[in-house]
Visitor: 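There's a structure below that I have some questions on.
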Amino acid sequence: MTPKDLDSNMPGPSAQESSQTAVVKLTESISRRGFVGGASAAALTLAFTSPTLAKLPVAAQAASSANFEPNAWISIAPGGQVKLIIHRSEMGQGVRVALPMMLADELGVDIEDVEIEQAVADTKYGNQNTDGSTSIRLNWEPLRKAGAAAREMLTQAAANRMGVPANECTVTSGVVEHGGSGKTVSYADVVADAAALDVPAEPTTLDRASYRYIGKPMPNWDVPDIVAGKADFGIDTRMDGMVFASIERSPTVAGKVKSFDATAAKAVRGVRSVHQLEPNTAFFRMFGGVAVVADSTWAAMKGRKALTIDWDNGGASENSAAHRTQLDGLVEGEGKAFRSEGDFAAAKASAAKVMTAKYHAPYLVHAPMEPLVATAIVTADKAEIWAPTQDPKTAKDRLVQLLGLKPEQVTVNVTLLGGGFGRKSKPDFIFETALIAKELPGTPVKLTWTREDEIRHGYYRSQNAQKIEAALDADNNVTGWRHHTAFTSLVSTFAPAMNEPSGTEVDMGMTNMPYRFPAVQLEKSAIKSDLRIGWLRSVCNTFHAHSINCFVDELAEAAKMDPVAYRLKMLGEPRVVEFGSRDKPHGQDIGRLRHVIEKCAEISKWGKADLPDGVGHGFASHFSFLTYVAMAMKASVEDGKARVHHVDCVMDCGTFVNPDTVRAQIEGAVVFGLSYALYGSITAKDGAVVESNFHNYPVLRIDEMPTVNVHLVENTKPPAGVGEPGVPPVAPALANALYAVTGKRLRDLPLEGQLA
Amino acid sequence: MAITFQVNGVERTLDIDDDTPLLWALRDELELTGTKFGCGMNRCGSCTVHVDGTARRSCVLPISRVADKSVTTIEGLSTDGDHPLQIAWQEISVPQCGYCQAGQIMKAAELLSSTPEPTDDDIDTAMRPNICRCGTYQRVRKAIHVAAAEMSKAPGQADGTAAGEV
Ligand code: FES
Ligand code: FES
């Protein structure tokens, strides 16, 4: 129980309840589109570069606009129609609902009455990278202040109109009411007046108790379109005169086209042209290849298959078995130390016993259900892109360089994303589309990647090896902890010379290992990779949470203690610690971590559950993206395969905006985590990726889906990440559950094939 | 070669290569983009449509094979997006990104037409071909049960066929 934690007696609704309460009917007035073509060109003037500062610079009013636009997110037309701008990308995490909930609450309008519009890439929105589980936590202050500023201005204008003091007025559903007289003025009536006022520098946000939307489940308003097949994803972009492209890329990143013969490709009905693309290391290490442009997607794909290409593989040579041997060797040696407390060597020298475990995890790829796709129109002085991108701003900035245009000549529109998981913040597919479109000036070009393209030309989660050693005294108390990790840094994609895992990568789940051991020694080593490395949902937390949670389970057993009790003992008393960059800015609150562990033990009936024969209960906990998660998993082995029956999860992500999407993210995290725990493995042969589609890169299917019970901790702490923190505890909870039934410590991922 | 078939109750004739998968004919030629491309090799179910009432993976179904047949896509499952499955999907907030969901719903519609009161096992068996990378499986199961219960109350719609299907 943590002293500062307000929640313990205020559990969130059960999973059962959430589905029921989520049925909030939205009226037809909600604009569900507001995507492509809806770019509001009207001058919006407010911008901030550091959302965390939560400062609203004073905005100069847009003289040319009749709308009231006090900042980049709010536009109210003279007739009163409210439009809210969404500057982050929607990929199923509910940002198109959550951001308007925050704005509508502070603005004091009914969310049913607002229109939403997806932002194009623009500096005025600050960071638009929908990545790192940041959309709520980085926008919580600035967006509420943006809403509050508009509310204060509209209230002032209404008060002026009524001839009353603004501080005697209240706002309900866009109507300002003067308490004393009962007089009312609607926002719609004072739009122009409000626009003439100064934007308050320090608007006051509302008391939480007055929020109507924040904290309550709200359905995603794209759902009616989604279930009717009308929602437009990137792949659905359609334009008159559009042509369709498919690219045969080099099997290796460094590879180049030596020569190619397109005679057969050009003979395919519907094929229009063929274009060679050069690899470009400066632009996210984009691949070289040959693009086929045709009248339809199918003709482009067929034409592409008919190409004959002679490749220079660029000297790539990586083979996975050898790569693994090299990684294993690295962690046996000494790495570069990055956290040291006490004297591990001395602890080991005087240990009664030393326990050692080595872990291995392969490359992983994202496999969002919508493959990579983009549409572009490029002319000599203009480029416009429509893409399911997580990071339109970076795409735009780099396109400016790639195409040699000015920022105002490049527009990047964001469509709905059919999943992202980190892959769609890499703009290589957008660059490719733009380069092809540049050769066909004025013609809309849609480039569609196949699944094989996506699996083989990814930015992979690194292959990784780790070794953990613990020195124990005669009573099995740990006197020293040494942990060595080895992998290729994702920085290598941008700086090939990068020769060590970066600080921020090891800080994800390793530096901030929370257990108190008298001596701690953490080391890292690097390995070169022929593949492109990138961030994938939860990034390095995936492998670090795995090894630590599994090894702590072993230590508990050695100490003859229950794994949950052991965790709590080794965490020690509630306090706030800070180990590395990923614990900033709030620190890691051991009290909150203890709380999710205790709560999860309680709701999962840990140690008291009536487990059927052959079913094991496994536990894991992890702090990432400033969120605390504990997970208990029931699993068994059936026909040589792991079978997961039930998952209990407790998450403390601080203040949350839409509990229904938070729950959905945890349900999805369990699926994502089990997919890689059981099956995920990308391998390389001669520097090229071997796997190609869902038959050899399987993911979890519905018949393998456990029931998932989610408990959300309610408190008023600052909002923290949601999309990623549910993932890291999944694999170790499973491995620990399987140990409980098999007695085998499986330390390699994936688990598939090791249980027979 | 010209191929004539019914799509959502309307007769269409396309002059395209015989081997063109139905998926791309629907998406590129007929601009029915509700049916999605996920794998192109019969592994994910994103492209599921009904052909004469049976769920088929359109990415591997050459257009020549649907000549004179009746195809129903997500756009034609109901007149107004109000098939009991589409309503249940909204009530349960099933979709995350939504990309796989047309395929999920079309597959589930086939299940309910043959098995009006499916068990979890029935659902798992029938829905196994359909991948959801976002992980909405728990809600898919629940929504199918909700729709099944709703359809058992309204026998007229219980066959799960499309409004436009003949
Ligand atoms: S796209 Fe047809 S089964 Fe995957
Ligand atoms: S909802 Fe995203 S793939 Fe199913």
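Throughout, protein chains are lettered first and strands after them, A, B, ... in sequence-line order, and every chain is numbered starting at 1. The figures here come from the full heavy-atom set of this structure, side chains too, leaving out hydrogens, waters and symmetry mates.
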Visitor: For A:Pro698, is it the side chain, the backbone, both, or neither that has a heavy atom closer than 4.5 Å to a heavy atom of chain B?
Guide: neither
Visitor: What part of A:Thr661 is in contact with chain B, defined as an atom under 4.5 angstrom from a non-hydrogen atom: side chain, backbone, both or neither?
Guide: neither
Visitor: Give the ring-plane orientation class for A:Phe421 versus A:Phe672, where under 30° counts as parallel, over 60° as perpendicular and anything between as tilted.
Guide: tilted
Visitor: Tell me whether A:Lys302 is salt-bridged to B:Asp19, with the criterion being a basic N under 4.0 Å from an acidic carboxylate O.
Guide: yes
Visitor: Hey, which of B:Ile105, B:Thr20, B:Thr136 has the most heavy atom pairs under 4.5 Å with chain A?
Guide: B:Thr20
Visitor: Under 4.5 Å from any heavy atom of chain B, what part of A:Glu454 do you find: side chain, backbone, both or neither?
Guide: neither
Visitor: Given a strict heavy-atom distance threshold of 4.5 Å, which part of A:Met91 is in contact with chain B: side chain, backbone, both, or neither?
Guide: backbone
Visitor: May I ask you to decide if the ring planes of B:Trp24 and B:Phe37 are parallel, tilted or perpendicular, using 30° and 60° as cut-offs?
Guide: tilted
Visitor: Check each atom of A:Val671 against the heavy atoms of chain B and say whether the ones under 4.5 Å are side chain, backbone, both or neither.
Guide: side chain
Visitor: Which answer fits A:Ile235, side chain, backbone, both or neither, if we ask what part of it has an atom under 4.5 Å from a heavy atom of chain B?
Guide: both
Visitor: Identify which one of A:Leu416, A:Asp232, A:Val373 satisfies the side chain to side chain contact (heavy atoms under 4.5 Å, CB included) criterion when paired with A:Pro388.
Guide: A:Val373
Visitor: Take B:Arg27 and A:Asp236, measure what salt bridge (charged side-chain N to carboxylate O under 4.0 Å, His left out) needs, and give me the verdict at the end.
Guide: CA-CA 8 Å; B:Arg27 291 185 53 83; A:Asp236 302 323; 2.9 Å; yes
Visitor: Just do the side chain to side chain contact (heavy atoms under 4.5 Å, CB included) check on B:Cys132 and B:Gln104 with the steps written out, would you?
Guide: CA-CA 8 Å; B:Cys132 174; B:Gln104 304 276 0; 3.5 Å; yes
